[in-house]
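Data block below; observations after.
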Amino acid sequence: MNTEAKERVIPFWFWNDDKLDKDKMSHQMDEIYGKGIREVIIHPRFGLRTYLDREWFFQVGCALEHASDLGMRIWFADEKDWPSGTAGGRVTDKNNDEYRARAAKVDHNGKLMWRNSQFHPAYTFGSYVDVLSGRATGEFIGRTHQQYYNNFPGYFGKEGNGVIAGFFCDEPGMYQNLFGVVDGGMLPYTDGIIEYYQKINGVPFKRDFPHIWGGQDWKNRTARLRYFQVLKDFYTLNFLRKLHDWCFGHGALLIGHVLEEENPLNAIKSQADPFWAMANFDWATYDLIGEHLPQKQIIAAKLAKSVARTYGKPEVAAETFGGFGWGLTPDAMRNIGKWQTRNGTTVWIPHALFSSLDGSRRFDAPPSFFEEPYWSEFGEIAQSFRDQVGSGKDGKRAVYYPTKAIQAAYNPGNEVEAWKISEALRQICSQLESASTSMGVDLDFEILNDDGVLGSLPSFDHIYLPRATVIPVKVLNEIARFSANGGEVIFYDGLPQFPELEDEQGVFNRHLEKIKNGNTRVLEGKKTSRYSLESLLASPKAEGRKYLVWHTLSSISPELDARYSAVNGKVQHVLKWMDRRLVGIDRAINIAKKIKNYFFK
């Protein structure tokens with residue numbers, strides 16, 4: 001099946017009316033067509049009163065018929081609001097407790113304890129689905145994807161006219177302990193994990209499991225790496241692969257993005273291995289949400305580009321503008337699109353076209369491009385993006401994504417070391433992007449995971465290793481070969497220390513010595529001033545507190561979510577202003593100390 005894009009701009013079209021009206025929807029589709037858009041993603045959202053019932057599929061049928069007449073294609077978001085997996089709460093209602101996500105930990109005696117996760121999907125106090133359970137995923141597919149096929153087989157690609165292009169899966173993952181507050185200190189868990197763990201590792205699960213909450217030594221690192229491998233296998237085989245296989249079998253594509261792509265620690269906590277999770281979609285996709293901060297969001301863009309390069313995906317798509325607010329300007333949209341195409345994006349998913357703005361709907365991650373000043377320029381903005389596709393270039397610098405190091409360091413009860421590794425990666429990417437965008441220095445780069453290093457490292461001139469405390473031996477060997485052939489290896493915030501397996505330490509050390517004897521540099525990680533608020537703003541606990549407030553408010557309504565986000569944004573600006581001045585005070589004190597030491601030795 002051809003998985004290449006037929007359209008470069010595919011906006012979300014929010015179906016969020018109290019009562020859907022086919023004439024209104026046909027009129028909006030005509031408007032969309034008039035702007036040169038040939039594909040849309042229908043996304044059921046907050047405010048919608050009917051979903052996956054007879055009325056819903058009647059309206060979908062009218063839209064498909066009109067799209068066929070216009071020569072358009074339709075995608076469907078596979079969930080009402082987000083994240084994907086509950087079929088609007090049907091999969092996890094009170095009659096389906098077995099399909100709810102679970103969280104586990106050990107008690108003070110080292111005994112395994114588990115309960116249902118306390119994470120709530122957006123705009124509801126309901127439960128999220130167990131993405132590690134194949135039965136739960138089967139229920140989700142049966143209530144969602146299969147219902148579209150049962151109602152409209154003639155519109156699918158395998159047997160019909162292909163008006164249904166595919167499905168968009170939004171932010172699935174393991175939300176347990178994501179920000180250290182909801183399900184704090186716990187891990188994802190499901191039936192069958194104990195047996196599978198023992199089968200692939202040959203050791204008792206109950207012996208290893210308590211070590212995940214231990215310090216930074218061999219037993220604990222090994223237990224964490226083993227558990228992440230189990231989570232990766234369960235999540236891939238029981239959720240992502242099942243969705244993809246169903247879509248492929250029915251002539252539809254599966255696209256979508258995962259969670260927290262710009263934050264390596266959270267991406268690994270929620271996806272186990274974000275590269276491999278993203279590789280299960282037909283396109284590599286990321287989310288640019290909230291506001292445009294190139295130094296922060298460059299990781300998400302480069303991550304998607306790397307997945308496409310490493311695993312042979314034809315497109316790099318970007319869901320863009322969600323939550324940017326009504327202050328977003330058309331010129332800013334053009335500039336953001338230009339930045340995205342320069343960094344490898346080939347498909348734009350503007351968020352969004354709102355069918356209705358009544359009541360609290362206007363607060364649901366705005367803006368709506370049906371409104372001015374956007375709609376009159378939307379066709380031209382879309383064309384400007386299409387014209388820029390392919391304008392980027394591949395960087396000659398590689399930044400290593402230390403997946404194994406973060407996994408090995410991750411203690412659910414104390415995330416500090418895993419967070420430091422994650423921050424080192426964010427810092428080096430931010431510094432390289434800042435130099436490229438602000439100072440015009442050509443420091444363009446690409447992100448490589450283990451498979452990327454093994455498959456494409458010789459095509460680069462430099463590789464940065466950000467606090468990569470754990471690296472697989474075969475990857476370090478490839479880096480040593482790269483160094484021996486003249487490539488530069490740059491250690492950032494510390495040198496590699498350990499392989500995955502303890503008995504490989506000798507071989508690991510020999511490879512590391514070869515690298516150190518070659519063309520290398522050692523860069524110190526960014527140090528936070530003792531007077532700075534930066535550590536307070538960026539620490540896991542601070543992020544967790546902010547997430548807890550958002551999680552509660554967003555469960556109630558988008559208006560509360562939006563008002564909190566606005567207040568939080570203002571607070572962040574004030575704190576950053578104070579931070580700059582406190583850093584200045586810190587520097588003045590250091591200069592004064594140097595002067596004192598010079599004159600009063």
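Quick note: residue numbers are just sequence positions, from 1.
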For [X], I'd like to know if atom [atom1] has over 12 heavy atoms of other residues, nucleotides or ligands within 6.0 Å.
X	atom1	result
Glu371	CD	yes
Lys232	NZ	yes
Lys105	NZ	no
Tyr196	OH	yes

With the side chain counted from C-beta on, respond yes when [X] and [Y] share a heavy-atom pair under 4.5 Å apart, and no when they do not.
X	Y	answer
Phe321	Ile289	no
Gln297	His292	yes
Pro188	Leu132	yes
Ile447	Asn449	no
Leu187	Tyr189	no
Phe370	Trp375	yes
Ile299	Glu261	no
Asp130	Asn238	no

* To do: Please round to the nearest 0.5 Å and tell me the distance separating atom CG of Asn95 and atom CZ of Arg90.
  =>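 Nearest 0.5 Å value for the CG-CZ distance: 13.0 Å.
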
* Rounded to the nearest 0.5 Å, how far does CG of Asn96 lie from OG1 of Thr86? -> 11.0 Å

Lys/Arg N to Asp/Glu carboxylate O, [X] vs [Y], below 4.0 Å:
X	Y	value
Asp107	Lys111	no
Arg49	Asp17	no
Asp364	Arg361	no

Under 3.5 Å side-chain donor-acceptor pair for [X] and [Y]:
X	Y	result
Asp282	His244	yes
Arg241	Asn280	yes
Asp183	Ser117	yes
Asp451	Tyr311	yes
Lys305	Asn343	no
Thr345	Tyr286	yes

Determine whether the aromatic ring centres of [X] and [Y] lie less than 6.0 Å apart.
X	Y	answer
Trp56	Tyr51	yes
Phe156	Tyr148	no
Phe363	Phe46	no
Tyr128	His120	no
Trp13	Phe76	no

* Single hit among His43, Lys80, Gln59, Arg45 for side chain to side chain contact (heavy atoms under 4.5 Å, CB included) with Trp15 -> Gln59

Indicate the ring-plane relationship of [X] and [Y], choosing parallel, tilted or perpendicular according to the 30° and 60° boundaries.
X	Y	answer
Tyr197	Tyr227	tilted
Trp246	Tyr149	perpendicular
Phe167	His145	tilted
Trp348	Phe385	parallel
Phe209	Trp213	perpendicular
Phe140	Phe239	parallel
Tyr374	Trp326	tilted

* To do: Would you sort out whether Asp208 and Asn201 count as a side chain to side chain contact (heavy atoms under 4.5 Å, CB included), showing the intermediate values?
  => CA-CA 10 Å; Asp208 269 10; Asn201 293 306; 5.7 Å; no

* Please lay out, stage by stage, how Asp233 and Gln229 fare under the test side-chain hydrogen bond (donor to acceptor under 3.5 Å, both in side chains). => CA-CA 6 Å; Asp233 291 349; Gln229 183 61 52; 2.9 Å; yes

* Please walk me through it: do Lys242 and Cys247 pass side chain to side chain contact (heavy atoms under 4.5 Å, CB included)? -> CA-CA 9 Å; Lys242 281 184 176 294; Cys247 289; over 6 Å; no

* Asked: Could you walk me through whether Lys6 and Arg73 pass the side chain to side chain contact (heavy atoms under 4.5 Å, CB included) check?
  -> CA-CA 9 Å; Lys6 297 181 179 180; Arg73 295 206 307 167; 3.8 Å; yes

* Can you name the residues that form a ring-ring contact (aromatic ring centres under 6.0 Å, His included) with Tyr99, not counting sequence neighbours? -> none

